[in-house]
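Following: one structure in structure tokens, then a few remarks.
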Amino acid sequence: MAKALMIQGTMSNSGKSFITAGLCRIFAQDGLRVAPFKSQNMALNSFITKDGLEIGRAQAMQAQACGIEPTSDMNPILLKPTSSTGSQVIVGGEVYGNMKAMDYYAHKRMLFPAVMDAYGRLDKAYDIIVIEGAGSPAEINLKDDDIVNMGMAKRAKAPVLLVGDIDRGGVFASLYGTVKLLDVSEQAMMKGMIINKFRGDVEILRPGLKQIEALVGLPVLGVVPMEAIDIDDEDSLSERLNHTAAGSGLDVAVIRLPHISNFTDFSALERFPGISLRYAASREILGRPDVILIPGTKNTMDDLLWMRQNGLEGAILRCHEEGTLVIGICGGFQMLGELLEDPFGVEHGGVMRGMGLLHTKTVFERAKTRTQITGKVIEAGGMFEAMTNLDVRGYEIHMGITKNLGGCVPMILLEDGRTDALANEHFTVFGTYLHGIFDDAAVVEALTRKLMRQKGIKGAVSPLQAAQDMEHYRQTQYDRLATLLRRSLDMDKIYEILDRGV
């Protein structure tokens with residue numbers, strides 16, 4: 001059986017995923033077979049495994065840090081919000097159904113056996129399982145039937161490390177309050193605290209560290225400095241979504257939709273010299289960029305209506321008329337068409353007019369397409385002509401089928417014989433269902449080459465980027481993360497906690 005260690009946080013975005021990934025990397029570097037696990041994840045950034053199952057992006061990232069293939073056992077329940085009160089519930093990588101929050105909480109006890117079955121399979125296959133909690137374990141209104149924080153820790157007999165975010169302030173109160181709101185038996189499972197996202201001189205912090213240790217009776221295992229390490233973010237709390245100002249170089253604006261999903265599609269663009277990537281949630285912030293990217297969304301029709309009501313749709317159409325290139329990914333691809341139909345009420349229900357930039361129609365169906373796939377660009381023109389004959393790869397995750405009504409050019413032939421990436425005849429607009437298509441440096445270089453040359457922008461791709469794709473880049477970031485945590489945490493004490501258990 002595997003040894004277990006659980007990482008919980010004082011609040012959302014305290015750094016649980018970050019610390020979990022770093023510890024996974026360290027244990028893997030030390031020669032141990034390690035896997036991540038999160039029983040229930042609520043996130044719109046998801047990943048498709050090789051066998052076509054859907055899990056949270058954070059667990060896929062953590063598996064990559066372990067050097068193993070992501071599987072659905074690492075995240076047996078995924079909740080993808082479709083509104084402020086409801087989510088699509090995914091169990092074992094497959095759609096279980098749409099539920100309101102109250103219905104899910106009444107139902108989740110029935111799902112816990114599936115959680116433990118998944119955990120049991122990992123338990124037999126690995127030396128260590130690093131379990132990530134969700135939000136805070138001290139949400140006292142949610143403690144009954146908890147399956148993701150202390151409820152999971154008890155089932156896995158996992159000692160718990162508590163992570164607090166000092167950058168947002170109040171870290172000592174958060175640590176103290178979290179521990180003291182737990183039951184006495186739960187407090188006994190807490191074995192140490194980690195202070196995350198610290199800026200400044202740690203010596204100034206030391207008196208506070210001694211006091212919090214005395215107050216809660218737990219050691220502070222380390223203070224992790226704020227450092228720019230580029231790993232996939234889990235959800236819409238990501239700091240990168242707050243970057244709204246245009247910089248020098250090619251101005252690329254991503255529309256920040258209310259239900260934005262898989263914005264990790266654009267992370268690779270941030271590291272290319274000559275490209276300034278930003279996010280825009282209003283027409284004022286959008287301005288007049290060189291390229292507009294409309295991302296994936298968990299609710300295409302609602303988010304299109306949102307853009308229509310706040311003026312962003314009109315602003316995008318005007319930008320396109322003035323020469324801005326427009327690219328849609330997944331839900332963004334669907335929005336670009338003439339018509340969206342939802343006969344089964346999968347998202348919004350009914351029929352809605354699209355943006356009219358592509359001569360397409362999307363019909364939402366009950367079945368979800370989930371697959372990793374490769375293909376080749378068979379035709380490209382205009383600003384995108386350099387993409388012709390490029391090999392591409394990515395993954396699909398959508399519940400709509402988009403049909404070419406006759407006025408679009410198919411750009412990509414997929415390995416299974418289907419076509420993807422429909423463009424208008426002038427190649428000023430195209431959409432694709434392929435998430436991750438920009439992870440390949442060759443695709444980004446070809447996509448931007450002509451436009452950057454036209455604008456006199458140099459440095460589209462560096463020698464390093466030309467020689468490596470996003471996967472190689474990610475591995476270097478995991479190594480940097482492991483180095484940071486080895487330098488910041490008492491790893492001898494963490495190994496001792498791991499060995500002793502609860």
Side-chain angles (χ1 to χ4, degrees), residues 42-46 54 78-91 94-104 107 235-236 241 254-263 265 279-283 286 292-317 326-370 396-405 408 422 429 431-433 435:
M42 178 176 280
L44 286 174
N45 275 356
S46 60
E54 187 175 3
L78 175 62
L79 306 178
K80 302 188 75 174
T82 55
S83 68
S84 59
T85 60
S87 295
Q88 183 182 75
V89 180
I90 295 166
V91 180
E94 301 196 38
V95 175
Y96 186 82
N98 288 349
M99 292 186 185
K100 297 292 185 182
M102 290 301 296
D103 296 332
Y104 173 72
H107 191 83
D235 55 32
S236 58
L241 296 185
V254 181
I255 304 301
R256 184 173 178 175
L257 301 170
H259 299 96
I260 187 171
S261 64
N262 290 72
F263 56 83
D265 285 339
Y279 289 81
S282 69
R283 57 186 178 184
L286 179 64
I292 293 174
L293 299 172
I294 307 178
T297 165
K298 191 63 196 74
N299 199 318
T300 301
M301 297 173 81
D302 273 2
D303 282 1
L304 177 56
L305 183 61
W306 172 82
M307 286 204 304
R308 191 159 285 160
Q309 291 171 339
N310 71 5
L312 260 174
E313 179 189 33
I316 293 169
L317 295 176
V326 180
I327 301 171
I329 306 291
C330 199
F333 175 23
Q334 295 168 344
M335 292 180 188
L336 294 174
E338 302 280 353
L339 200 64
L340 296 97
E341 297 180 357
D342 187 8
F344 305 111
V346 171
E347 288 198 353
H348 183 279
V351 178
M352 184 178 289
R353 171 179 56 84
M355 297 177 69
L357 291 175
L358 289 178
H359 195 213
T360 62
K361 179 177 80 169
T362 295
V363 179
F364 293 98
E365 299 183 347
R366 292 190 177 100
K368 178 180 280 191
T369 300
R370 307 182 311 258
E396 293 180 79
I397 174 173
H398 55 93
M399 299 187 77
I401 303 297
T402 299
K403 300 178 181 179
N404 185 353
L405 297 179
C408 294
L422 299 176
V429 180
T432 176
Y433 276 117
H435 293 288

A side-chain contact here means heavy atoms from C-beta on lying under 4.5 Å apart; do [X] and [Y] qualify?
| X | Y | result |
| --- | --- | --- |
| T297 | I260 | no |
| T362 | I401 | no |
| M99 | S87 | no |
| N262 | C330 | no |
| N310 | S282 | no |
| E347 | L340 | no |
| Q88 | M399 | yes |
| I294 | I329 | no |

[X] side chain to [Y] backbone, donor-acceptor under 3.5 Å:
| X | Y | answer |
| --- | --- | --- |
| N45 | F263 | yes |
| E396 | T369 | no |
| R366 | V346 | no |

Report the residues that fulfil side-chain hydrogen bond (donor to acceptor under 3.5 Å, both in side chains) with [X], sequence neighbours left out, ordered by chain and then residue number.
| X | result |
| --- | --- |
| R353 | none |
| Y279 | none |
| S83 | none |
| E54 | S46, K80, K368 |

Quick one: do the [X] and [Y] side chains pair a donor with an acceptor below 3.5 Å?
| X | Y | result |
| --- | --- | --- |
| T300 | Q334 | yes |
| T402 | T360 | no |
| H259 | N299 | no |

Could you state the interatomic distance from [atom1] ([X]) to [atom2] ([Y]), rounded to the nearest 0.5 Å?
| X | Y | atom1 | atom2 | answer |
| --- | --- | --- | --- | --- |
| R283 | M307 | CZ | CE | 13.5 Å |
| L79 | Y104 | CG | OH | 4.5 Å |
| L312 | I292 | CG | CD1 | 8.5 Å |
| L305 | E313 | CG | CD | 9.5 Å |

Exercise. Can you list every pair that meets ring-ring contact (aromatic ring centres under 6.0 Å, His included) and has a residue in residues 330-352, with sequence neighbours left out?
Worked result: F333-Y433

Seminar exercise, completed: Here the pair of heavy atoms bringing D303 nearest to P258 is OD1-CD, 3.5 Å

For this session: Could you pull out the closest heavy-atom pair between C408 and L422, with the gap in Å?
Result: CB-CB, 4.0 Å

For this session: Decide yes or no on side chain to side chain contact (heavy atoms under 4.5 Å, CB included) for M301 and D342, but give the supporting numbers first.
Result: CA-CA 9 Å; M301 297 173 81; D342 187 8; 3.7 Å; yes

Problem set entry | I255 vs L293, side chain to side chain contact (heavy atoms under 4.5 Å, CB included): CA-CA, chis, key distance, verdict | CA-CA 6 Å; I255 304 301; L293 299 172; over 6 Å; no

For this session: Quick one: do D265 and H435 satisfy side-chain hydrogen bond (donor to acceptor under 3.5 Å, both in side chains)? Show the steps, please.
Result: CA-CA 6 Å; D265 285 339; H435 293 288; 2.7 Å; yes

For this session: Go through the steps to decide whether M335 and R308 satisfy the test side chain to side chain contact (heavy atoms under 4.5 Å, CB included), and finish with yes or no.
Result: CA-CA 11 Å; M335 292 180 188; R308 191 159 285 160; over 6 Å; no

Exercise. Does E341 have any salt bridge (Lys or Arg N to Asp or Glu O under 4.0 Å) partners at least two apart in sequence or in another chain, and if so, which?
Worked result: K361

Exercise. Ring centroid separation for Y96 and H107, is it under 6.0 angstrom?
Worked result: yes

Problem set entry | Stepwise side chain to side chain contact (heavy atoms under 4.5 Å, CB included) test for V89 and V95 | CA-CA 6 Å; V89 180; V95 175; over 6 Å; no

